[in-house]
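Okay, structure first, notes after.
Both ligands and their constituent atoms are indexed starting at 1 by order of listing.
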Amino acid sequence: MKNQIINTILFATAGLALGGCNAGETNPAAELFSRLEASAEKGQVLYAHQDDLSYGHTWKVEDPAADDLSRSDVKAVCGEKPAAVGFDLGGIELGAPCNLDGVNFSLMRRAAVKHAEDGGVVTFSWHARNPLTGGDSWDVSQKGVVASVLDGGENHGKFMEWLSRTADFLDSLRDSAGVRIPAVFRPWHENVGSWFWWGGNLCSEDEYKALYRLTRDYIENDRGLDNLLWAYSPNSGIDSLAYFGRYPGDRYVELLGLDHYEYVDASVTDRDAALAKADAYYAEVLSTDLQYIGNYASSHGKLFALTETGFEGITPPLWWTDVLLKAIDGHKICYVLTWRNAHDRPDHFYAPFPGSADAENFLKFYENERTVFLK
Ligand code: BMA
């Protein structure tokens with residue numbers, strides 16, 4: 001009974017937080033919200049890995065239609081798939097068969113649906129092409145791209161077609177009963193730094209907010225997709241003023257995120273000193289940023305997560321326990337996502353694989369009572 005009352009309250013709260021659904025009603029997104037909220041409340045953190053089911057350090061799904069989706073670098077190391085899997089939609093806007101990293105979109109659909117049906121969580125980022133120049137997301141050669149896609153801008157019509165293709169794909173994420181699976185959608189990420197065409201120096205705060213709102217209004221209201229939790233995830237290394245300066249508003253966001261990576265300063269010649277400095281900086285930034293994001297999330301009924309993180313090549317052998325787990329200690333984030341293990345770039349990996357130097361330490365991370373994997 002007690003649990004029933006708590007569940008009713010949780011669902012009602014989530015329903016209120018989500019545009020288009022009434023208190024007490026449930027939909028896939030509201031249910032996902034409640035699950036994530038309840039597990040974060042218990043101090044649990046879902047482990048998530050980008051592209052985990054599509055390829056790994058030395059392999060790639062070859063047959064998108066027939067593969068049984070049982071492979072995963074993470075599973076090969078600890079015996080379980082991650083609880084959450086990240087996918088990227090970059091390229092869907094052009095109607096391309098594969099995303100920017102060569103992942104076939106029908107494979108992505110199958111993998112996301114299977115992962116959700118297996119009880120996991122799926123999240124989508126979107127490295128969309130530059131609609132003004134025709135370049136990629138990182139083409140920051142011209143300002144005014146965002147202005148050009150807003151209502152009245154020269155690329156508005158084209159951009160609405162892009163949104164329409166993205167909505168088609170998100171709408172096609174349906175289980176065997178034809179019901180849309182829930183997903184976290186995280187468009188226009190790392191938006192305070194200036195490396196994407198929607199970045200800090202490339203558009204005004206109001207233009208950014210308008211871009212985000214246009215995206216949600218179209219996908220949710222015009223297309224009726226109620227299966228999404230919307231994430232806002234700036235890059236790290238900023239303060240709360242910068243973080244919230246571009247926040248599209250509580251009506252538009254359910255999950256506050258942060259993308260924060262660890263890097264070694266190559267100019268420091270003493271490798272151990274460089275690593276110690278990198279570990280300390282990684283932890284310091286997270287402790288500040290997760291504090292203000294967490295405060296806002298708890299007072300505004302939002303989820304929060306470390307939406308991208310990692311150390312390329314995972315050099316410190318104890319990174320998982322001594323750096324990552326320590327840095328998130330005390331913060332009620334619902335998931336932590338480490339970036340992809342590229343199959344075609346041996347040094348570009350952010351999760352363990354059989355034989356990687358961090359694999360043993362990852363087992364400790366896996367066994368830690370806080371972390372949650374698929375089972
Ligand atoms: C970056 C790198 C790129 C990739 C992009 C989108 O961080 O991993 O190789 O194309 O993410 O997935």
Return the minimal non-hydrogen interatomic distance between A351 and H49, and the atom names on each side.
CB-NE2, 3.3 Å

Taking all heavy atoms of S125 and all of Q50, pick out the closest pair and write down the distance.
OG-NE2, 3.9 Å

Looking only at side chains, do Y55 and R340 share a donor and an acceptor under 3.5 Å apart?
yes

Provide, to 0.1 Å, the distance between [atom] and the closest protein heavy atom, together with that atom's residue and name.
atom: atom 2 (C) of ligand 1; answer: H348 NE2, 3.4 Å
atom: atom 12 (O) of ligand 1; answer: D101 OD2, 2.6 Å
atom: atom 1 (C) of ligand 1; answer: W339 NE1, 3.6 Å
atom: atom 5 (C) of ligand 1; answer: W138 CH2, 3.7 Å
atom: atom 3 (C) of ligand 1; answer: R340 NH2, 3.8 Å

Atom NZ of K158 with >12 non-hydrogen neighbours under 6.0 angstrom:
yes

So for ligand 1, is R345 a polar contact partner (N or O within less than 3.5 Å, distance only)?
yes

Just jot down the ligand 1 atoms closer than 4.0 angstrom to any heavy atom of H127, in number order.
6 (C)

Got a list of side-chain donor-acceptor pairs under 3.5 Å for residues 39-48, not counting sequence neighbours?
{"unit_1": "E41", "atom_1": "OE2", "unit_2": "K332", "atom_2": "NZ", "d": "3.0"}
{"unit_1": "Y47", "atom_1": "OH", "unit_2": "T338", "atom_2": "OG1", "d": "2.6"}

Residue list, side-chain contact (heavy atoms from CB on, under 4.5 Å) with S267, at least two apart or on another chain:
D265

